[in-house]
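Sequence lines set the chain letters: A, B, ... in the order given, protein chains first and strands last, and positions in each chain run from 1.
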There are 2 protein chains.
Amino acid sequence: MKKARDGKPTINDVARIAGVSKKTVSRVINRSPLLNEATREKVEAVIAELGYVPNPQARALALRRNFLIGLIHDNPNAQMVLGVQEGILSAIRDTEFALVVRPVNRRSLDMLDDVRAFLEQQRLFGVMLLPPISENDALAELCEDLGVTYVRMGSVRLDEDEHMVASNDREAVANAVGYLVERGHRRIGFVAGPEGFRSAAERALGYRDALEQAGLALDPAIMAEGSYTFETGIAAGEKLLSASTPPSAIFASNDEMAAGVLHAARTQGLSVPEDLSIVGFDDTAIAAHIWPPLTTVRWPIQAMAKAAAIKLIDPAQARKQPSHFLSDLIERASVRPA
Amino acid sequence: MKKARDGKPTINDVARIAGVSKKTVSRVINRSPLLNEATREKVEAVIAELGYVPNPQARALALRRNFLIGLIHDNPNAQMVLGVQEGILSAIRDTEFALVVRPVNRRSLDMLDDVRAFLEQQRLFGVMLLPPISENDALAELCEDLGVTYVRMGSVRLDEDEHMVASNDREAVANAVGYLVERGHRRIGFVAGPEGFRSAAERALGYRDALEQAGLALDPAIMAEGSYTFETGIAAGEKLLSASTPPSAIFASNDEMAAGVLHAARTQGLSVPEDLSIVGFDDTAIAAHIWPPLTTVRWPIQAMAKAAAIKLIDPAQARKQPSHFLSDLIERASVRPA
DNA sequence: TTGTACGCGTTATCAT
DNA sequence: ATGATAACGCGTACAA
């Protein structure tokens, strides 16, 4: 019999000192109902006294599953990734789960192999997939094959409810453009996101919906595509503003591009919102810090991430978690009536 | 004897099929030098064939240490946290280490208890501490007590080299202000960061150094303090610009406040950089996206984080890693000669 | 209600 | 150079 030598106290130390068996201590830890109240209290006292904390590695080995949940992402934007991390943390706070992050490179050819190696090596409890890589069905399939439960975050329903948490970008954009229509804008330009991004496609659909709803026709002359960057936003803005009949308002599919449009407008001597109204998407930090502050659409990122994490770790609660979230329009100062 | 039943193959499966003992397989995995080449190849063939990957939980248990490194931070800004995560990942790529993140609340009274619980529960290999909480000595002491190795990132040398990776904010700010002096500015305002932040104090010292070096006197009328936010930047800007002799240039201790100063200038009808030059600090996303793009100072965050991670996981390399890093001045368009 | 004996997958000790 | 056997800390049958 060894004493509590150097390291942390173990379940054996607790059992020995409390004068019970390991199993009893184990029952106390796992809140087994069939336990004598007196025994429980005695054991709990010893646990407190020793400052005993169960070793998660040993638990993981015995239970044949660990308590790590992974976040796999391709850095869509820093604000979003951090928001997700906060959301997950709020779900696992006061549990034994921890969050391990794994940035990957979407453009890399061996991205899938990279993820596979990661999952096989770490044997995570489950993973969360962030857009845009969450849109990759092969990735979800890989998780399935490897027996790693997963939840995908996305701009639209990509999977079954238990594997999915979605914002409804199409509807959110339709609302935002509708907001412009309500304010009298009839010539509304659109800056699309890059092809291949599901979010970009959804947002484009939302734009069409709103125009159709308002009885307005699509006009390619005031539509452009960017790649979600500031620079491509400038280029898109220049194109739309040089149309023979330029728009009185522009919806850009993300804030970076909206900032680019703003820049292009300013370069052409236009005032925002006096001469041009602009609406963005994402509500990243830029939105509030450019001038004028940008009216934009915000995902409830933390709430979505929290719901997703709960789906992952708590099957009992999973069904009760919403799978669909509505985005809010954040009204700031970049829009005025036509 | 069990077959490779349902789950992943184990070391036993490999040993049985290769016709050797567990220990031999273990030796192969751990690259023990005293091994017959033929045996090694035979075992490696079986490993490849089975797709065997060692179980990290079992290893952790046997070795009595795991391979998780923690990142504890209080979200100074999203860009920085993500940069650090990337840096750490580049250091642990192709190793068995994984990164677990733990955001904490600096203002919470039980922040220390929170971290203690986290460390006791997860038993991490080591942790990285980000500013501003890395400046908290009690936190470092806690890690020490719990036997968790740590490395702190900060704006100045806070600890011994093996526990520290520092940018030299004082020198960086002195350089930035000197850059203004070189361009003929003699009346240079300063927006300090909040009291209690070591970085704020260091940056203020850098400002004083530069003025002294240039033979300029400190003038409280063109100095203000903010709390690293956009709004406090506006307030500070308003104060400085309403001085009886307003500054021709302003150094703000971070980009958010610089953006606020820019906003204040614009509100007062001033053009930047024609009427006022502005320099910020951090090179966050805002810096490049406001108009005019902000000249600012950039930490080599990823390089610092990578060095810090190597110090943590590889004692052999630790000494060779630099502990001090120089920040770069990023010249954009918010400065012009006086 | 509580305890005994064994398994989880790996490494370490000490032979051989 | 290789193997038998005992840890590592915890959970679970199955008994008692």
Would you say A:Thr149 and A:Lys311 are linked by a side-chain donor-acceptor pair, where the criterion is simply a distance under 3.5 Å?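 No - no donor-acceptor pair under 3.5 Å links their side chains.
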Between the side chains of B:Ser108 and B:Asp110, is a donor N or O closer than 3.5 angstrom to an acceptor N or O? yes
So, is B:Thr39 near the phosphate of D:dA1, with a side-chain N or O under 4.0 Å from OP1 or OP2? no
Whole-Å gap separating [atom2] ([N]) and [atom1] ([X]):
{"X": "A:Asn36", "N": "C:dG3", "atom1": "CG", "atom2": "P", "answer": "11 Å"}
{"X": "B:Arg16", "N": "D:dG3", "atom1": "CZ", "atom2": "P", "answer": "15 Å"}
{"X": "B:Lys42", "N": "D:dT2", "atom1": "NZ", "atom2": "P", "answer": "8 Å"}
{"X": "B:Gln57", "N": "C:dG7", "atom1": "CD", "atom2": "C1'", "answer": "16 Å"}

Just by modelled atom types, is the B:Gly19 backbone N or O under 3.5 Å from a matching donor or acceptor in the B:Lys42 side chain?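 No: the side chain of B:Lys42 does not pair with the backbone of B:Gly19.
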Got a donor-acceptor contact below 3.5 angstrom from the A:Asn30 side chain to the A:Ser26 backbone? yes
On DNA chain D, nearest-nucleotide positions of B:Leu35 versus B:Leu61: which is more 5'?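 In this pair, the answer is B:Leu35.
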Quick one: side chain to side chain contact (heavy atoms under 4.5 Å, CB included) partners of B:Arg65, sequence neighbours excluded? B:Leu63, B:Phe67, B:Phe125
Atom CG of A:Asp94 with >12 non-hydrogen neighbours under 6.0 angstrom: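 Not buried by this count: 12 neighbours or fewer within 6.0 Å.
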For every nucleotide of nucleotides 10-16 of chain C, 5' to 3': is a protein heavy atom under 4.0 Å from its base (B), only from its sugar-phosphate (S), or from neither (-)? BBB----
